[in-house]
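First the proteins, then the strands, lettered A, B, ... as listed; each starts at 1.
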Amino acid sequence: MIKDVGNFVGQEISIKGWLYNKRSSGKIKFIILRDGSGYLQCVYFKGNVTEDTFNTVDKIGQESAIEVTGKVRAEQRAPGGYELDATDLRVISETHDFPITPKEHGIEFLMDNRHLWLRSSRQVAILKIRHRISKAIRDYFDGHGFTLVDTPILTPAACEGTSTLFETDYFDLGKAYLTQSGQLYAEANAMALGKVYNFGPVFRAEKSKTRRHLTEFWMVEPEVAFADLNDDMDLAEDFLEYVVQSVLSDNIEDLKILERDITLLKNVKKPLPRISYDEAVEILKKNGVEFEWGNDLGGTDETIISNQFDRPVMVHRYPSAVKAFYMKRDPQNEKLALAVDVLAPEGYGEIIGGSQREEDFDTLLSRIEEHNLPREAFEWYLDLRKYGSVPHSGFGLGLERTVSWICGLDHVRESIPFPRMIYRNTP
RNA sequence: UCCGCGAUAGCUCAAUGGUGGAGCAUUCGGCUGUUAACCGAAGGGUUGCAGGUUCGAGUCCUGCUCGCGGAGCCA
């Protein structure tokens with residue numbers, strides 16, 4: 001693979017890939033080969049290769065699949081520091097008129113050609129960082145005593161009763177819904193295994209049309225038995241530090257391709273600042289925002305708050321009225337929920353939402369009734385409070401928002417290979 | 001759902017109500033170290049769709065379609 005060519009200096013090698021770009025100057029021709037692992041400049045001198053091979057270089061278009069043979073050489077003038085002094089060229093599949101040229105394109109064209117856009121250096125870098133983040137997430141939990149549990153995607157009822165879900169017919173059993181969260185099922189698993197996490201796609205049928213929303217996105221949700229809100233925040237900051245520092249140590253080249261300023265990412269270390277909702281409201285008022293206590297924080301509110309800090313900030317104890325039914329109320333103030341949101345810097349908004357869960361049977365039942373949720377659908381969930389109920393907490397981290405933040409993207413649509421949005425479900 | 005902006009060559013964009021252009025891409029020619037290479041030439045158009053105003057509409061008006069930005073909702 002191209003990323004390993006440095007180990008083959010002085011040797012003749014053959015390498016398969018795609019033609020990324022080419023330039024020619026009379027009797028010398030340069031091609032840039034890409035293979036997914038990196039980019040390699042290959043030089044064709046007239047005289048070093050057959051007339052036929054030399055002419056073939058002219059003929060093949062961008063994204064032709066080829067196999068290049070030649071000797072590896074360290075070369076300062078070549079991108080990446082190494083170059084292939086080519087002796088042969090085998091065409092595996094010739095291509096002409098690849099739509100995405102190395103020039104500028106508009107977003108509509110690029111999204112229509114998303115299946116081809118993925119081959120560009122920028123998209124390749126993003127996908128590699130996305131993979132590193134996914135791996136860091138799994139490594140972190142696997143290394144801290146968590147068991148991965150897979151929760152259902154088709155569910156009989158809305159998990160939280162707050163957002164609009166995709167609906168589908170389910171044989172003779174009526175309607176089924178695409179899950180918006182695996183959390184309730186993760187709680188059941190946590191009562192079996194202690195510390196668990198699930199990691200998979202979730203779905204929201206909200207007609208949200210912003211740079212932070214997809215209708216299908218990936219979420220990781222740890223759930224821990226015998227953990228309170230403070231334990232939850234301790235976990236979130238330790239976890240977030242691990243994920244960000246993993247990318248910084250392994251993906252510096254990819255971040256350079258994205259021209260990401262990593263100054264603030266380097267700051268993502270424990271402890272993260274913790275402020276209460278009340279303190280957040282004070283910050284808003286100091287910044288001239290007319291904010292009424294009791295409302296949820298909007299996107300611009302989150303940006304103002306996060307701009308006060310040089311790293312992600314945890315906002316805890318929100319008004320219970322704007323939070324989900326299963327969140328435990330603060331014993332010190334019944335109007336507050338033991339919830340926490342982690343706001344990423346630079347306007348990337350909420351990347352983590354979590355809480356301590358209500359563990360008392362009667363209280364949870366009355367919450368379900370207050371929210372006009374069908375009790376039958378939650379009988380199994382109530383059982384968790386009937387048999388060996390314990391304080392427990394967890395959170396959910398949105399993968400695409402995290403990728404967008406770490407990569408410095410201006411829209412989540414670039415953070416997943418094939419984004420699903422309100423006005424686009426193709427390609 | 002609401003507010004705002006837009007749709008012209010394969011792509012990115014120009015064009016005062018008066019003969020639709022440029023750069024890139026493509027094809028041809030030139031160049032022995034290019035870095036989104038460069039230089040010269042050629043081909044390439046039902047100006048999103050439907051109506052209207054006007055002697056004359058890419059340009060003004062109305063409706064529609066699609067897209068983009070933002071709000072709300074949310075992670």
Side-chain angles (χ1 to χ4, degrees), chain A residues 20-32 39 41-48 54 57-59 61-63 73 75-81 83 85 95-113 116-117 120-122 159-160 162-165 180-183 201-221 295-302 322-324 339-344 348-354 395-405 410-413 415-416 421-424 426:
Chain A
Y20 194 66
N21 200 3
K22 63 179 179 181
R23 292 174 277 275
S24 74
S25 176
K27 298 195 174 62
I28 181 169
K29 298 182 194 301
F30 301 89
I31 68 174
I32 305 292
Y39 303 85
Q41 175 161 283
C42 309
V43 190
Y44 285 86
F45 278 106
K46 190 167 189 157
N48 284 11
F54 196 70
V57 178
D58 275 336
K59 204 175 59 176
Q62 188 190 349
E63 286 302 311
R73 182 174 67 209
E75 171 56 71
Q76 283 303 314
R77 290 170 291 188
E83 178 174 270
D85 200 357
T95 293
H96 296 283
D97 302 325
F98 187 73
I100 300 176
T101 61
K103 289 281 177 177
E104 285 174 22
H105 298 285
I107 191 63
E108 182 180 4
F109 179 79
L110 289 170
M111 289 306 294
D112 285 343
N113 290 284
L116 304 176
W117 186 23
S120 71
S121 58
R122 182 180 161 81
C159 284
E160 310 183 10
T162 51
S163 76
T164 318
L165 304 187
Q180 62 169 317
S181 163
Q183 183 207 310
V202 293
F203 307 86
R204 305 282 165 92
E206 302 285 349
K207 292 193 170 180
S208 300
K209 185 177 158 23
T210 80
R211 66 183 64 196
R212 302 185 309 280
H213 288 86
L214 299 171
T215 56
E216 173 185 305
F217 64 98
W218 284 63
M219 191 154 68
V220 59
E221 297 173 285
N295 290 341
D296 204 355
L297 303 175
T300 47
D301 302 326
E302 291 179 348
V322 300
K323 289 292 182 184
V340 58
D341 283 357
V342 179
L343 309 181
Y348 284 93
E350 182 183 350
I351 51 170
I352 284 179
F395 62 81
L397 170 125
L399 179 62
E400 285 72 19
R401 284 191 183 174
T402 305
V403 173
S404 299
W405 162 49
D410 57 17
H411 199 299
V412 285
R413 65 187 157 214
S415 67
I416 183 169
M421 294 170 292
I422 173 169
Y423 292 125
R424 177 181 290 278
T426 56

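The partner of G17(B) is absent, by the rule that a Watson-Crick or G-U pair needs both atom distances under 3.5 Å. Of all nucleotides present, only U65(B) satisfies the Watson-Crick or G-U wobble test against A7(B), with each distance under 3.5 Å. Pairing for U32(B) is absent, judged as Watson-Crick or G-U wobble with the two contacts each under 3.5 Å. Pairing partner, C2(B): G70(B), with both Watson-Crick or wobble hydrogen-bond distances short of 3.5 Å. Taking a pair to require two hydrogen-bonding distances under 3.5 Å in either a Watson-Crick or a G-U wobble arrangement, U54(B) remains unpaired. Taking a pair to require two hydrogen-bonding distances under 3.5 Å in either a Watson-Crick or a G-U wobble arrangement, A41(B) pairs with U27(B).
Atom name P, nucleotides G48(B) and G40(B): the rounded distance is 32 Å, in whole Å. Comparing the P positions of G67(B) and G58(B) gives a spacing of 26 Å, expressed to the nearest Å. The C1' atoms of U1(B) and G72(B) are separated by 9 Å, rounded to the nearest whole Å. Annotation: C61(B) and U54(B) have their P atoms spaced 16 Å apart (nearest Å). Taking atom C1' on both C24(B) and U19(B), the two are 26 Å apart, rounded to the nearest angstrom. Comparing the same atom, C1', in A57(B) and in G20(B) gives a spacing of 13 Å after rounding to whole Å. Only the C1' atoms considered, A25(B) is 16 Å distant from A41(B), to the nearest whole Å. Atom P of G10(B) sits at a distance of 8 Å from the matching atom of G45(B), rounded to the whole Å.
Ranked by how close their nearest RNA chain B nucleotide is to the 5' end, Tyr423(A) and Glu350(A) are led by Tyr423(A). Heavy-atom nearest nucleotides on RNA chain B were determined for Val43(A) and for Asp58(A), and the one closer to the 5' end corresponds to Asp58(A).
Heavy atoms of Gln41(A) sit under 4.0 angstrom from at least one base atom. Residue contacts shown for Pro99(A) are absent, as no nucleic acid heavy atom lies under 4.0 Å away.
Contact annotation: Lys207(A) reaches the phosphate of U1(B) (side-chain N/O to OP1 or OP2, under 4.0 Å). For the pair Arg77(A) and U32(B), the criterion of a side-chain N or O lying under 4.0 Å from OP1 or OP2 is not met.
A donor-acceptor contact shorter than 3.5 Å is absent between the side chain of Gln180(A) and the backbone of Val202(A). Looking only at distances, a side-chain donor or acceptor of Glu206(A) sits under 3.5 Å from a matching main-chain atom of Thr164(A). Gln62(A) contributes a side-chain N or O that, together with a main-chain N or O of Ile100(A), makes up a donor-acceptor pair within less than 3.5 Å. Judged purely by atom type and a 3.5 angstrom limit, Lys22(A) uses its side chain to pair as donor or acceptor with the backbone of Asp58(A).
When each of G67(B), U27(B), G33(B) is scored by its nearest atom to the side-chain atoms of His96(A), the top-ranked nucleotide is U27(B). Comparing U32(B), C73(B), C68(B) against the side chain of Lys209(A) picks out C68(B) as the nearest. Residue Arg413(A) has its side chain nearest to C68(B) when only G33(B), C68(B), C11(B) are considered. Considering only the side chain of Lys103(A), C24(B) comes nearest among C73(B), U26(B), C24(B). When distances run from any side-chain atom of Glu104(A) to the nucleotides U32(B), C73(B), U12(B), the shortest one goes to U12(B). When distances run from any side-chain atom of Thr101(A) to the nucleotides U34(B), A25(B), C68(B), the shortest one goes to A25(B). Counting only heavy atoms from C-beta on, Arg212(A) has its side chain closest to C74(B) among C74(B), C31(B), A36(B).
Seen from the ring of Tyr423(A), Lys209(A) does not count as a face-on cation partner, given the 6.0 Å and 45° thresholds.
Atom NZ in Lys22(A) sits about 15 Å away from atom P in C38(B), given to the nearest Å. Atom CZ in Phe98(A) sits roughly 14 Å away from atom P in C11(B) (whole-Å rounding). Taking atom CD1 of residue Ile107(A) and atom P of nucleotide C5(B), one finds them 22 Å apart after rounding to whole Å. Rounding to whole angstrom units, CZ of residue Phe109(A) and C1' of C13(B) are separated by 15 Å. Atom NZ of Lys323(A) and atom P of C73(B) are 12 Å apart (whole Å).
Atom OH of residue Tyr44(A) and atom CG of residue Asp85(A) lie 10.0 Å apart, to the nearest 0.5 angstrom.
For the residue pair Ser181(A)/Glu221(A), the side-chain donor-acceptor check at 3.5 Å is satisfied.
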